Amino acid sequence: MSSPQVLDDGQGSGDSGDPSGDLRSVLVTSVLSLEPLDEDLFRGRHYWVPTTQRLFGGQIVGQALVAAAKSVSEDVHVHSLHCYFVRAGDPKVPVLYQVERTRTGSSFSVRSVKAVQHGKPIFIFQASFQQTQPSPVQHQFSMPAVPPPEELLDHQALIDQYLRDPDLKEKYRVGLNRIAAQEVPIEIKLVNPPTLSQLQRMEPKQMFWVRARGYIGEGDIKMHCCVAAYISDYAFLGTALLPHQWKHKVALGGWSTGGCGVGMGSWLCPVPRKV
């Protein structure tokens with residue numbers, strides 16, 4: 001697998017008052033940076049092109065949320081979104097994002113975004129934003145008991161560990177080396193990486209620590225949400241396929257997904273990376 005192709009978005013990564021300067025994440029300076037063309041109309045370019053030669057779905061989700069967030073006030077934040085991949089994304093041309101201000105209320109606002117290439121929608125998206133305000137109704141699941149990320153192997157170290165196994169089949173060894181050559185803008189650490197003997201009997205669940213590579217800012221909650229949207233496509237498909245390794249092929253429209261690049265079970269699976 002070739003290394004991701006970093007494309008210049010014309011904005012560079014120079015210091016703009018940010019104390020971290022060129023330490024800023026490419027998620028901020030390039031991947032999720034949109035060019036405004038008109039009111040509620042933006043153009044997005046591509047940070048990397050997978051070997052499938054289809055756009056990475058997480059990039060389109062993240063960029064669409066950036067476009068939607070630019071049309072709401074500072075005191076509202078996204079709390080839900082729905083995404084539909086309609087056509088395969090073409091990495092040879094930019095993506096146009098058309099924002100529709102469906103509703104702007106006193107507490108809630110709704111935005112619809114259409115991503116267009118070659119005059120046709122390739123992706124449609126709806127997001128709901130809520131004004132920041134205290135609420136007596138709150139609930140959340142408890143954080144599971146897991147080791148801190150400092151105690152876990154990073155992406156490269158985990159791949160190296162698998163490559164040292166003398167029983168690893170050559171076709172998987174080649175695949176792991178290709179994955180190791182990629183330069184993705186996020187860092188992932190699996191909590192319970194499986195052994196090779198476990199790969200055929202895994203449940204459809206994974207736990208991992210994840211963060212952006214570089215500095216994305218501490219106070220910009222909207223950008224943090226856009227980064228989370230970008231990251232979301234790295235795990236959905238791969239996790240769902242864990243119980244079905246080596247049994248089924250998946251081809252659901254031609255989008256490239258990072259979903260097969262999180263769990264080691266997914267790293268080793270021969271399932272096409274399409275969603």
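What you see is a predicted model; the values in this text were computed from it and never measured. Because only heavy atoms are used, hydrogens play no part in the values below, and waters and symmetry mates are left out as well, while side chains stay in.
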- Message: Using 0.5 Å steps for rounding, measure from the CG atom of Leu168 to the CD atom of Gln161.
- Response: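 The CD atom of Gln161 is 11.5 Å from CG of Leu168, to the nearest 0.5 Å.
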- Query: With His224, which residues qualify under ring-ring contact (aromatic ring centres under 6.0 Å, His included), at least two apart?
  - Reply: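 Applying ring-ring contact (aromatic ring centres under 6.0 Å, His included) to His224 gives none.
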- Task: Could you tell me which residues satisfy side-chain hydrogen bond (donor to acceptor under 3.5 Å, both in side chains) with Ser106, sequence neighbours excluded, listed by chain and number?
- Result: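 Not a single residue meets the side-chain hydrogen bond (donor to acceptor under 3.5 Å, both in side chains) criterion with Ser106.
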- Item | Partners passing side-chain hydrogen bond (donor to acceptor under 3.5 Å, both in side chains) against Arg101 (at least two apart in sequence or in another chain) |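 Residues passing side-chain hydrogen bond (donor to acceptor under 3.5 Å, both in side chains) with Arg101: Asp40.
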Do [X] and [Y] pair up side chain to side chain, a donor and an acceptor below 3.5 Å, judged on atom types alone?
{"X": "Gln59", "Y": "His46", "result": "yes"}
{"X": "Arg111", "Y": "Thr104", "result": "yes"}
{"X": "Gln117", "Y": "Asp90", "result": "no"}

- Message: Less than 4.5 Å apart, side chain to side chain, heavy atoms only: is that true for Val95 and Ile60?
- Response: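 Yes, close enough: below the 4.5 Å cut-off.
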- Message: How about CZ on Arg211, more than 12 heavy atoms from neighbouring residues, nucleotides or ligands closer than 6.0 Å, or not?
- Response: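 Open: at most 12 neighbouring heavy atoms sit under 6.0 Å from CZ of Arg211.
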- Message: If you count every heavy atom of other residues, nucleotides or ligands that lies below 6.0 Å from Gln133 atom CD, does the total exceed 12?
- Response: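 More than 12 within 6.0 Å, yes.
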- Item | Connected hydrophobic set around Val146, excluding itself, where side chains approach under 4.5 Å |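 Noted: Val146 shares its cluster with Met143, Leu152, Val191, Met207, Trp209.
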- Show which residues join Val137 in its hydrophobic cluster (side-chain heavy-atom contacts under 4.5 Å, direct or indirect), or state none.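 Grouped by the 4.5 Å side-chain rule, Val137 forms a cluster of one, so the answer is none.
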Under 4.5 Å between side-chain heavy atoms, hopping through other hydrophobics if needed: is there a path connecting [X] to [Y]?
{"X": "Ile221", "Y": "Val78", "result": "no"}
{"X": "Val26", "Y": "Val210", "result": "yes"}
{"X": "Phe208", "Y": "Val227", "result": "yes"}

- Query: Quick one: ring pair (Phe, Tyr, Trp, His ring centres under 6.0 Å) pairs with a partner in residues 86-118, sequence neighbours left out?
  - Reply: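 The answer is His79-Phe108.
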- Query: Of the non-hydrogen atoms in Pro243 and Ala240, which two are nearest, and what is the gap between them?
  - Reply: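 Shortest heavy-atom separation between Pro243 and Ala240 comes out as CD-O, 3.4 Å.
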